[in-house]
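Values below: every heavy atom of this structure, side chains too, minus hydrogens, waters and symmetry copies.
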Amino acid sequence: MLAWTVYISFVAAALVLLVPPRYTSAIRWFALLSAVGGFAISLVAMIANPAGAPVTLVDVPWIPSIGAHYWLSADGISFALCALTGLAATTGILFSWNIEHRVNEYFALFLALIGGVYGVFLANDVLLLFFFYEIAIVPKYFLISIWGSTNREYGAMKLAIYSFVGSAMVLFGILSTYMLTSGVGFGLPDLARHALPHAQQMWIFPLIFLGFGILAGLWPFHTWAPTGHVAAPTAASMLLAGVVMKLGAYGCLRIAMALYPAALEPWGFHIGWISSWRDVFALLAVIGIVYGAAVALVQQDFKFVIGYSSVSHMGFVIFGLMTLTGIGLDGAVLQMVSHGILAGLLFAVVGRMIYERTHTRMLPDLEGMGLASRLPFATVIFVLAGMASMGLPGFSGFVSELQIIVGGWSSYPWLTVAVGIGIVIGIAYTWRVMQRAFFGEQIVSIDRQTEKHEFLPITWPEKAGSFLLLAATLLVGLFPSFLLTRIATAFASPFFDGLRQGRW
């Protein structure tokens, strides 16, 4: 049943493209119903499999001459990330309700991107996964370059260049693996069972991990992310932070770490305290956490604050993966879900509720507008999302970050201290932007025209999308076992034997 999330998205994208642009209302509703359908299927499939046991959805020959299969399957990790994708798609369309320019093309690209994301999370063939990965990336360029705002062409091109450089590295690693395994094929379980020799894993692993890590915002290859977030329209920012960056982290886990676990072992020599690729990427992740938070602390553009905070929070995901502990790995996957929810909510408030009404994202300009009294709904939603992002107990961010810290303490205690510093800086930039944007002293004479014409009431799609995302972060925070049970089952499967053996 879960495979239908892919089919519904692509069929809906094709049908939307055929609808004349003048039927804007019909296009929006059809796109929304398609996204809700995919979301509902994801939830039903996850509830129907309470243990999160791996299931094969479809397995037929795709390119028989090279052993590639159209092989879709799901485990606890896939269930969680597909549910996140459905939520991001539904809320993204709700926050795109104001799109008037080339409406059918916009929603066709949006749904095609969602179909690609579902495909990545369900693909059990590495070549098929790469195929869906590229499908998910391509629409982002057009969504940003056509419907974006600040430096949209530059932001779109930067994203495309970084993405395709990373993709080239991944593809080279995949093809090298195929040739070195002498025709085992491209099935992920088959490649996991026929592990390459240690020496070959040592050079293929960093190639693939870094290739995927670029899209995950790994420092210092993160610079496309804030630029892309700022340039993208609101819903595209929500998707970029919410699910597209997760594709990179998912590739790091599902392909690089699962297929080349021996590469995480020590090199046999030291460079300072660094003695393995695991140490290298753990260090880069922690630098990203602290650096992203520190840069967010000094930004004047509201959207750049959220953009750099995404870099910081994605650093938690990579660090959790590098702990190689059960609790750290579980926390990393849960952090993918949590950050996808919270980043989407924060970008929705900043890009849709505030920018569309004030036509500015600059904190000095917003400071005198008295947004707390003039946009109380946006203020309440941002305060709650900000508290969740800081890791307040009861929200999803608390559970995921706590697990990563606990896992990190047993593997990298000193780096975990640095992670704690990053969390403190994160609290500082959240309070700073909250104070300046919403609770600054109102200057009555700021802009009569803005006050008179542009502070329109919050619309029902904005309220519906906000409530969905807020409910999701609360449900994950209050009932984390709903996801963690399934995620832990996935890591206990034979597919992760090489990664798990002797490490937790």
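- Between Phe395 and Leu475, every side-chain heavy-atom pair lies at or beyond the 4.5 Å cut-off.
- Proximity of Lys140 to Val244: side-chain heavy atoms (C-beta onward) are separated by under 4.5 Å at one or more points.
- In terms of heavy atoms, Gly119 sits closest to Val6 at N-CG2, 3.8 Å.
- Remark: Ser163 engages Ile137, Leu159, Leu215 in a side-chain contact (heavy atoms from CB on, under 4.5 Å) (not counting sequence neighbours).
- Checked against side-chain contact (heavy atoms from CB on, under 4.5 Å), Val170 has the following partners two or more places apart in sequence or in another chain: Phe130, Ile174, Phe212.
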Start with the C-alpha gap between Trp267 and Trp277, add the side-chain angles, then the distance that decides, and say whether ring-ring contact (aromatic ring centres under 6.0 Å, His included) holds.
CA-CA 8 Å; Trp267 295 326; Trp277 286 118; 5.4 Å; yes
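- A donor-acceptor pair shorter than 3.5 Å cannot be found between the side chains of Ser411 and Thr323.
- Side-chain atoms of Leu329 and Met257, non-hydrogen and from C-beta on, do get closer than 4.5 Å to each other.
- Looking only at side-chain heavy atoms (C-beta outward), Leu283 and Leu415 come within less than 4.5 Å of each other.
- With hydrogens and angles ignored, the 3.5 Å screen pairs no side-chain donor or acceptor of His339 with any backbone N or O of Val317.
- The number of heavy atoms from other shown groups lying within 6.0 Å of CZ (Phe482) is above 12.
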With side-chain hydrogen bond (donor to acceptor under 3.5 Å, both in side chains) as the test, would you mind laying out the steps for Ser396 and Thr473 before giving the verdict?
CA-CA 5 Å; Ser396 58; Thr473 186; 2.8 Å; yes
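- Put simply, the side chain of Tyr118 never gets that close to the backbone of Ala3: no donor and acceptor are under 3.5 Å apart.
- Scored by the ring-ring contact (aromatic ring centres under 6.0 Å, His included) test, Phe132 finds no partners at all (sequence neighbours excluded).
- With hydrogens and angles ignored, the 3.5 Å screen pairs no side-chain donor or acceptor of Ser338 with any backbone N or O of Leu334.
- The shortest distance between side-chain heavy atoms of Lys246 and Thr85 does not fall below 4.5 Å.
- Between Tyr412 and Phe319, the ring planes lie tilted relative to each other; the angle falls in the 30° to 60° range.
- Formation of a donor-acceptor pair under 3.5 Å by the Ser310 side chain with backbone atoms of Ile306 is found in this model.
- By the ring-ring contact (aromatic ring centres under 6.0 Å, His included) test, Phe79 pairs with no residue at all, sequence neighbours left out.
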side-chain hydrogen bond (donor to acceptor under 3.5 Å, both in side chains) between Gln300 and Arg436: does it pass, once the steps are laid out?
CA-CA 10 Å; Gln300 297 300 317; Arg436 295 195 65 185; 3.1 Å; yes
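- Here the closest non-hydrogen pair linking Ser78 and Leu122 is CB-CD2, 4.4 Å.
- Checking Thr56 against Ser73 by side-chain atom types alone, no donor-acceptor pair falls below 3.5 Å.
- Side-chain contact annotation: Ser167 with Glu134, donor-acceptor N/O pair under 3.5 Å present.
- Within the structure, side chain to side chain donor-acceptor pair (under 3.5 Å) contacts touching residues 419-432 (residues at least two apart or in different chains) do not occur.
- With rounding to the nearest 0.5 angstrom, the CH2 atom of Trp224 is 10.0 Å from the OG1 atom of Thr227.
- Looking at heavy atoms from C-beta onward, Thr177 lies in side-chain contact with Tyr260 at the 4.5 angstrom threshold.
- Residue pairs that meet the salt bridge (Lys or Arg N to Asp or Glu O under 4.0 Å) test with at least one member in residues 71-89, sequence neighbours left out, are Asp75-Arg254.
- Arg486 pairs by the salt bridge (charged side-chain N to carboxylate O under 4.0 Å, His left out) definition with nothing, not counting sequence neighbours.
- Residues that satisfy the salt bridge (charged side-chain N to carboxylate O under 4.0 Å, His left out) test with Asp330, not counting sequence neighbours, are absent from this structure.
- The two residues Leu345 and Ala385 have their closest heavy-atom pair at CD2-CB, 3.7 Å.
- The salt bridge (charged side-chain N to carboxylate O under 4.0 Å, His left out) test applied to Asp279 returns no partner, not counting sequence neighbours.
- The aromatic rings of Phe281 and Phe209 lie tilted to each other, with the angle between the two planes from 30° to 60°.
- The salt bridge (charged side-chain N to carboxylate O under 4.0 Å, His left out) check on Arg278 picks up nothing, with sequence neighbours excluded.
- Annotation: side chain of Met238 is not in contact with side chain of Arg352 (no heavy-atom distance under 4.5 Å).
- For CZ of Phe164, the number of neighbouring non-hydrogen atoms (other residues, nucleotides, ligands) closer than 6.0 Å is greater than 12.
- For Tyr178, the OH atom is densely surrounded, since the number of other residues' heavy atoms within 6.0 Å is greater than 12.
- By the side-chain contact (heavy atoms from CB on, under 4.5 Å) test, Ser237 is found to be paired with Ala232, Lys303, Phe347, residues two or more places apart in sequence or in another chain being considered.
- Between Ile405 and Ile423 the shortest side-chain heavy-atom distance falls below 4.5 Å.
- Listed here is the closest heavy atom pair of Gly185 and Leu191: O-CD2, 3.5 Å.
- Pairs of residues two or more places apart, or lying in two chains, that qualify as side chain to side chain donor-acceptor pair (under 3.5 Å) and include a residue from residues 198-223 are Tyr162-Thr223.
- A donor-acceptor pair is defined here as one N or O able to donate and one able to accept, closer than 3.5 Å; no such pair exists between the side chain of Ser312 and the backbone of Tyr308.
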